[in-house]
Amino acid sequence: MPKKEGIRELFDDIAVKYDRFNHISSFGADRSWRRKAVRAIVNTDKPIQVLDVATGTADFAIAVSKKAAQGSHITGIDLSEGMIEIGKTKCQGLPIDLMTGDAENLNFADSTFDRICVAFGVRNFENLMKGLTEMQRVLKPGGRLIVLELSYPKNGLLFWFYKLYSLKIIPKIGAKMTGNTGAFTYLPDSILKFPLPEKFIPMLREAGFSKIDAHQYMFGVCRMYCAEK
Ligand SMILES: C[S@@+](CC[C@H](N)C(=O)[O-])C[C@H]1O[C@@H](n2cnc3c(N)ncnc32)[C@H](O)[C@@H]1O
């Protein structure tokens, strides 16, 4: 099965329990990481057009919509119909439109958005470079991209504990909560395979971004990248 089809099926399958699993497995820290990323996106008093790529159940899009100036609008896209359907139930009355879509083939004109964010999504892209290039294309010149992604500590002992938690404990929690064992073997594995800043920053540059900065939280368990077109 192609990676993209597998990813779509995986998230369709765990959609209902996804939010709860996130908060439990990160000991609630995902909320504070999201807040930091929201602040990096909403760094202006002016209304902004935002694209939330891999929006999932729209938690991130909702948080952005609550902070952004009146007149702002958020478009959320995701491969998984199941995640989008749950997201829609949470977005009533908010300036958010959710739709299915593929980050690697964005259905928007060049230079459409002031801000683009991807929270915990890029590591699932089948072709990371294609996704980054597409996001650069639909971002307005001077617009900002914020990537929030799970990663791992580089320090030997911390890395050892991290691997124990993510490869042995997370799959057990995930399987117990959702009944899906495969998903929670894939998810930690995809974190370990995703490039560290020394490799990811050059990729952002190659995709056409500049003024790139990287931040790390909880010893590198989560990283945030801010970049400009
Ligand atoms: C871990 S969830 C993150 C959801 C959300 N951004 C959040 O912060 O909770 C990853 C999401 O990425 C989506 N995804 C993976 N590959 C994608 C792609 N190529 N285009 C759009 N969405 C994608 C999955 O369907 C899934 O909903």
Side-chain angles (χ1 to χ4, degrees), residues 3 7 10-11 14-15 17-42 52-64 67 78 83 103 116-125 128 131-132 135 144-178 180-204 209 212-227:
K3 179 174 175 182
I7 293 287
L10 182 154
F11 283 101
I14 64 172
K17 299 279 171 57
Y18 171 78
D19 290 344
R20 213 165 140 244
F21 167 78
N22 249 349
H23 304 325
I24 290 176
S25 64
S26 71
F27 305 103
D30 66 304
R31 289 196 176 99
S32 114
W33 300 332
R34 281 172 212 276
R35 275 198 297 275
K36 291 179 204 299
V38 170
R39 277 200 293 273
I41 289 161
V42 187
D52 184 28
V53 173
T55 192
T57 60
D59 271 9
F60 200 71
I62 292 169
V64 171
K67 284 277 172 223
D78 200 283
M83 297 289 267
I116 299 186
C117 42
V118 201
F120 313 120
V122 278
R123 73 173 194 279
N124 299 300
F125 292 179
L128 178 56
L132 296 179
M135 293 193 285
R144 271 159 74 82
L145 168 75
I146 308 296
V147 175
L148 191 66
E149 192 47 276
L150 295 172
S151 183
Y152 53 87
K154 293 188 209 170
N155 172 302
L157 190 62
L158 286 173
F159 182 56
W160 185 86
F161 277 113
Y162 175 81
K163 274 211 319 200
L164 180 74
Y165 178 65
S166 69
L167 297 178
K168 302 279 179 220
I169 300 171
I170 291 245
K172 288 202 175 85
I173 301 175
K176 204 167 167 55
M177 282 181 67
T178 66
N180 184 325
T181 37
F184 299 93
T185 308
Y186 161 78
L187 290 171
D189 200 46
S190 65
I191 295 171
L192 292 169
K193 288 194 177 126
F194 190 74
L196 285 171
E198 40 275 36
K199 211 171 145 202
F200 188 58
I201 291 172
M203 292 180 83
L204 285 167
F209 292 100
I212 302 163
D213 49 53
H215 309 260
Q216 68 166 44
Y217 309 113
M218 215 190 247
F219 309 106
V221 168
C222 181
R223 298 181 193 276
M224 178 169 76
Y225 299 88
C226 306

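Numbers here simply count residues along the sequence, with the first being 1. Only heavy atoms go into these numbers, but all of them, side chains included; no hydrogens, no water, no symmetry mates.
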Would you mind reporting whether [Y] and [X] have side-chain heavy atoms less than 4.5 Å apart?
X    : Y    : result
Y225 : P197 : yes
N155 : Y162 : no
F125 : V53  : yes
Q216 : S151 : no
L128 : P195 : yes
F60  : T55  : no

* To do: For residues F200 and F194, establish whether the separation of their ring centroids is below 6.0 Å.
  => yes
Check this for me: [X], atom [atom1], are more than 12 non-hydrogen atoms of other residues, nucleotides or ligands nearer than 6.0 Å?
X    : atom1 : value
K154 : NZ    : yes
F161 : CZ    : no
F219 : CZ    : no

Rounded distance [0.5 Å steps], [atom1] in [X] versus [atom2] in [Y]:
X    : Y    : atom1 : atom2 : result
W33  : M218 : CH2   : CE    : 4.5 Å
S190 : I7   : OG    : CD1   : 7.0 Å
I191 : L150 : CD1   : CG    : 4.5 Å
D213 : I201 : CG    : CD1   : 8.5 Å
K67  : R39  : NZ    : CZ    : 8.5 Å
R34  : I41  : CZ    : CD1   : 11.0 Å

* Asked: Do D59 and D30 pass the side-chain contact (heavy atoms from CB on, under 4.5 Å) test, and can you show the C-alpha distance, the side-chain angles, and the key distance before you say yes or no?
  -> CA-CA 11 Å; D59 271 9; D30 66 304; 5.8 Å; no
Restricting to non-hydrogen atoms, name the atom on [X] and the atom on [Y] that form the minimum distance, rounded to 0.1 Å.
X    : Y    : value
F209 : L132 : CE1-O, 3.7 Å
A37  : L148 : CB-CD2, 4.0 Å
A40  : R144 : O-NH2, 3.2 Å
V122 : E149 : N-OE2, 3.2 Å
D78  : G56  : OD2-N, 2.8 Å
K172 : K168 : CG-O, 3.5 Å

* To do: Walk me through it: do L145 and L204 pass the test side-chain contact (heavy atoms from CB on, under 4.5 Å)?
  => CA-CA 10 Å; L145 168 75; L204 285 167; 3.9 Å; yes
